[in-house]
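Beneath this line is the structure, given in C-alpha cells, with notes to follow.
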Amino acid sequence: MEATVRQDITDLNYRTMSQIAYLKVEEGQEIDVPGWQVLDQKHNVSGMDAVTFYNPETKQAVIAFRGTEGDAIPARSVPDFRTDALHIGFPEIGATI
C-alpha cells in the first residue's frame with residue numbers, strides 16, 4: 001500500500017491564494033505557497049473569475065474565487081455590477097414587492 005502524503009493547508013495559505021486570485025497568473029506558475037502552483041485560471045464575461053491551485057505531491061486542489069471589484073477599471077467592474085444588479089439585486093427587489 002502506498003503511503004499518503006498529507007499537507008495541512010493553513011489559513012495563511014488560503015489567504016495568499018485568495019490574494020493571488022486578483023492577479024494575472026499563468027498555468028504552471030509557482031506561487032508564494034511552497035509546493036503549490038497555478039493549474040488554471042478562468043475569466044467569465046459575467047465578471048466571475050477563479051483560479052485553481054494544485055499541489056502535485058499531495059494531489060490537493062484549491063479553487064479561489066475573485067470577488068466583486070467595484071473600484072477596478074471599468075473593464076473589470078462593469079461586468080461585476082451588471083451581474084450583481086441583474087441576477088441578485090433586481091430579482092431580490094421583485095421578490096419583496
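Throughout, numbering of the chain's residues begins at 1 and tracks the sequence.
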- prompt: Is Val51 reachable from Ile9 through a run of I, L, V, M, F, W or Y residues, each pair having side-chain heavy atoms under 4.5 Å apart?
  reply: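 Yes: a chain of side-chain contacts under 4.5 Å links Ile9 to Val51.
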Check [X] against [Y] and note the closest heavy-atom contact, atom names and distance.
{"X": "Gly35", "Y": "Pro56", "value": "O-CD, 3.6 Å"}
{"X": "Ile63", "Y": "Ala50", "value": "CG2-CB, 4.1 Å"}
{"X": "Val25", "Y": "Gln41", "value": "O-OE1, 3.0 Å"}

- request: State which residues pass side-chain hydrogen bond (donor to acceptor under 3.5 Å, both in side chains) with Asp40; sequence neighbours excluded, sorted by chain then number.
  value: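 If we apply the side-chain hydrogen bond (donor to acceptor under 3.5 Å, both in side chains) test to Asp40, skipping adjacent residues, the hits are Lys42.
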task: Start with the C-alpha gap between Val62 and Thr52, add the side-chain angles, then the distance that decides, and say whether side-chain contact (heavy atoms from CB on, under 4.5 Å) holds.
output: CA-CA 6 Å; Val62 171; Thr52 303; over 6 Å; no
- request: Run through the side-chain heavy atoms of Ile, Leu, Val, Met, Phe, Trp and Tyr, join any pair under 4.5 Å, and report what else lands in Leu12's cluster.
  value: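 Listed partners: none, Leu12 stands alone.
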Distance in Å, [X] [atom1] paired with [Y] [atom2], rounded so as to fall on 0.5 Å steps:
{"X": "Thr58", "Y": "Asp8", "atom1": "OG1", "atom2": "CG", "answer": "10.0 Å"}
{"X": "Asp49", "Y": "Phe65", "atom1": "CG", "atom2": "CZ", "answer": "10.5 Å"}
{"X": "Arg66", "Y": "Gln19", "atom1": "CZ", "atom2": "CD", "answer": "13.0 Å"}

- request: Check step by step if side chain to side chain donor-acceptor pair (under 3.5 Å) holds for Thr10 and Asn13.
  value: CA-CA 5 Å; Thr10 67; Asn13 295 148; 3.1 Å; yes
task: Could you tell me which residues satisfy side-chain contact (heavy atoms from CB on, under 4.5 Å) with Ile31, sequence neighbours excluded, listed by chain and number?
output: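 Per chain and number, Ile31 pairs via side-chain contact (heavy atoms from CB on, under 4.5 Å) with Met17, Ile20, Val33, Trp36, Val38, Phe53.
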message: So, using salt bridge (charged side-chain N to carboxylate O under 4.0 Å, His left out) as the criterion, who are the partners of Lys59 when residues are at least two apart?
response: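 Salt bridge (charged side-chain N to carboxylate O under 4.0 Å, His left out) list for Lys59, sorted by chain: empty.
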message: Quick test of your reading: applying salt bridge (Lys or Arg N to Asp or Glu O under 4.0 Å), list the pairs with at least one residue in residues 12-27, sequence neighbours left out, ordered by first then second residue.
response: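 Found Lys24-Glu26.
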